[in-house]
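Contents: one structure, followed by commentary.
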Amino acid sequence: MGRSGPLRVLVTGASRGIGEAIVSRLSADGHQLALNSRTTADLEQLAARLPGQTLVLPADCTDPTSGDDLVRAVIDEWGGIDVLVLNAGEGVAASITSTDDAMWQRQLDLNLTSPFRFIRAAVPPMKAAGFGRIIVVASSASKRGEPYISAYTAAKHGVLGLVRSAAAELASTGITVNAVCPGYVDTPMTQRSIDAIVEKTGRSRDEATATLAGQQPTGRLIAPSEVADTVAFLIADSGQITGQGINIDGGKVQS
Ligand SMILES: NC(=O)c1ccc[n+]([C@@H]2O[C@H](COP(=O)([O-])OP(=O)(O)OC[C@H]3O[C@@H](n4cnc5c(N)ncnc54)[C@H](OP(=O)(O)O)[C@@H]3O)[C@@H](O)[C@H]2O)c1
């Protein structure tokens with residue numbers, strides 16, 4: 001069943017883009033928000049803007065102990081953890097032949113191994129409480145291959161597999177595990193992709209933006225708040241939606 005009242009929520013990659021939209025929405029909904037990214041000053045400024053209770057937890061999510069450390073910090077402060085939103089992630093564009101081992105490993109560490117470690121840390125306290133909502137911010141790249149992002153695509157496909165397996169394993173525990181799979185969202189990460197297109201092709205910013213907007217059949221970039229709306233919906237769900245990768249991409253992927 002769903003839970004009424006304020007929930008204790010940990011969000012990774014919270015300081016800008018999709019993460020910032022998620023914490024703004026959930027804080028406005030009355031939940032308690034533990035905010036993670038690598039940059040303490042950004043988190044403190046964000047915490048000051050949010051209406052509800054906050055906890056600032058700076059850490060690099062690729063640090064092998066960060067999952068255990070952050071989950072424990074939330075429990076120490078608030079007595080439990082109800083919701084985990086694993087949003088920290090990054091994509092780099094490179095052809096297969098220019099993807100070196102270090103780049104490949106960084107993509108897997110951040111987009112796949114880090115969510116695994118956070119889920120592993122949060123499951124025991126959520127199981128003990130008989131309730132949990134775990135949401136991974138995956139990507140349309142979790143379901144469909146595009147050129148020049150092989151490491152990112154492999155990691156995002158992998159993390160959807162993790163979500164599906166965890167959901168199956170935990171289905172009878174009160175914990176749901178889902179992914180949201182956005183197309184191109186209007187965030188600093190997408191602005192960096194636009195910069196890269198301008199640099200590599202000589203096209204104007206408007207043309208580069210139009211190219212990425214055109215990737216969605218609806219013809220526009222997704223708003224970060226549209227991803228946050230879906231996360232809020234999954235948190236409020238009564239518990240029958242689990243193991244899903246919900247597309248937020250204007251209809252690009254239809255499965
Ligand atoms: N933008 C899109 O079009 C799009 C589409 C589909 C999926 N996604 C996914 O959505 C998620 C968020 O993307 P976004 O566009 O909002 O990215 P963004 O604008 O680059 O923001 C990324 C956030 O993650 C934090 N972060 C990055 N590396 C981190 C690390 N190692 N440890 C902890 N925090 C870290 C950043 O803060 P610091 O740099 O200060 O750590 C920042 O708060 C990612 O998983 C991405 O793959 C994005």
Side-chain angles (χ1 to χ4, degrees), residues 10-25 33-47 56-67 69-70 73 84-93 105-118 135-144 146 149 151-160 162-163 179-197 208-209 211-216 220-228 230-231 245-250 252-253:
L10 169 60
V11 181
T12 67
S15 65
R16 56 175 186 264
I18 294 170
E20 181 183 9
I22 291 170
V23 299
S24 300
R25 166 65 195 264
L33 268 301
L35 313 172
N36 158 263
S37 76
R38 291 168 298 184
T39 314
T40 310
D42 289 351
L43 295 177
E44 285 172 346
Q45 284 167 21
L46 175 60
V56 168
L57 298 176
D60 184 334
C61 286
T62 61
D63 178 338
T65 68
S66 62
D69 293 346
L70 268 59
L84 189 56
V85 182
L86 301 171
N87 168 73
E90 166 77 273
V92 281
Q105 195 58 51
R106 272 199 310 276
Q107 288 293 297
L108 293 187
D109 287 348
L110 181 57
N111 295 300
L112 176 57
T113 306
S114 161
F116 161 67
R117 291 193 178 119
F118 274 78
I135 297 148
V136 175
V137 180
S139 171
S140 52
S142 294
K143 298 188 177 178
R144 187 170 135 162
E146 304 279 354
I149 47 169
Y152 181 72
T153 302
K156 290 292 190 184
H157 268 62
V159 84
L160 183 57
L162 166 67
V163 161
V180 293
C181 300
Y184 282 98
V185 185
D186 190 4
T187 71
M189 178 172 146
T190 294
Q191 292 304 321
R192 292 194 293 279
S193 300
I194 290 168
D195 292 343
I197 293 170
T209 305
T211 300
L212 297 191
Q215 296 290 308
Q216 287 66 241
R220 64 170 176 83
L221 297 177
I222 312 295
S225 63
E226 294 174 306
V227 181
T230 309
V231 170
I246 298 181
N247 304 322
I248 312 167
D249 64 357
K252 179 167 66 173
V253 179

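Whatever order the structure lists them in is the order used to number ligands and atoms, beginning at 1.
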Go through it in stages, so that I can follow the logic: the residues are N87 and V231, the test is side-chain contact (heavy atoms from CB on, under 4.5 Å), and I'd like the CA-CA distance, side-chain angles, deciding distance and then a yes or no.
CA-CA 11 Å; N87 168 73; V231 170; over 6 Å; no

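- Residue I22 holds its CD1 atom at 9.5 Å from OG1 of T230, rounded to the nearest 0.5 Å.
- Every residue was checked against the salt bridge (charged side-chain N to carboxylate O under 4.0 Å, His left out) condition with E44, not counting sequence neighbours, and none meets it.
- Among residues two or more places apart in sequence or in another chain, the side-chain contact (heavy atoms from CB on, under 4.5 Å) test is passed with Q191 by D186, I194, R205.
- Interatomic distance, L70 CG to L57 CG, rounded to the nearest 0.5 Å: 4.5 Å.
- Protein residues having a heavy atom under 4.0 Å from any atom of ligand 1 are G13, A14, S15, R16, G17, I18, N36, S37, R38, T39, A59, D60, C61, N87, A88, G89, L110, V137, A138, S139, Y152, K156, P182, G183, Y184, V185, T187, P188, M189, T190, R192, listed by chain and number.
- Partners of R117 by side-chain contact (heavy atoms from CB on, under 4.5 Å), not counting sequence neighbours, listed by chain and number: P64, T113, R120.
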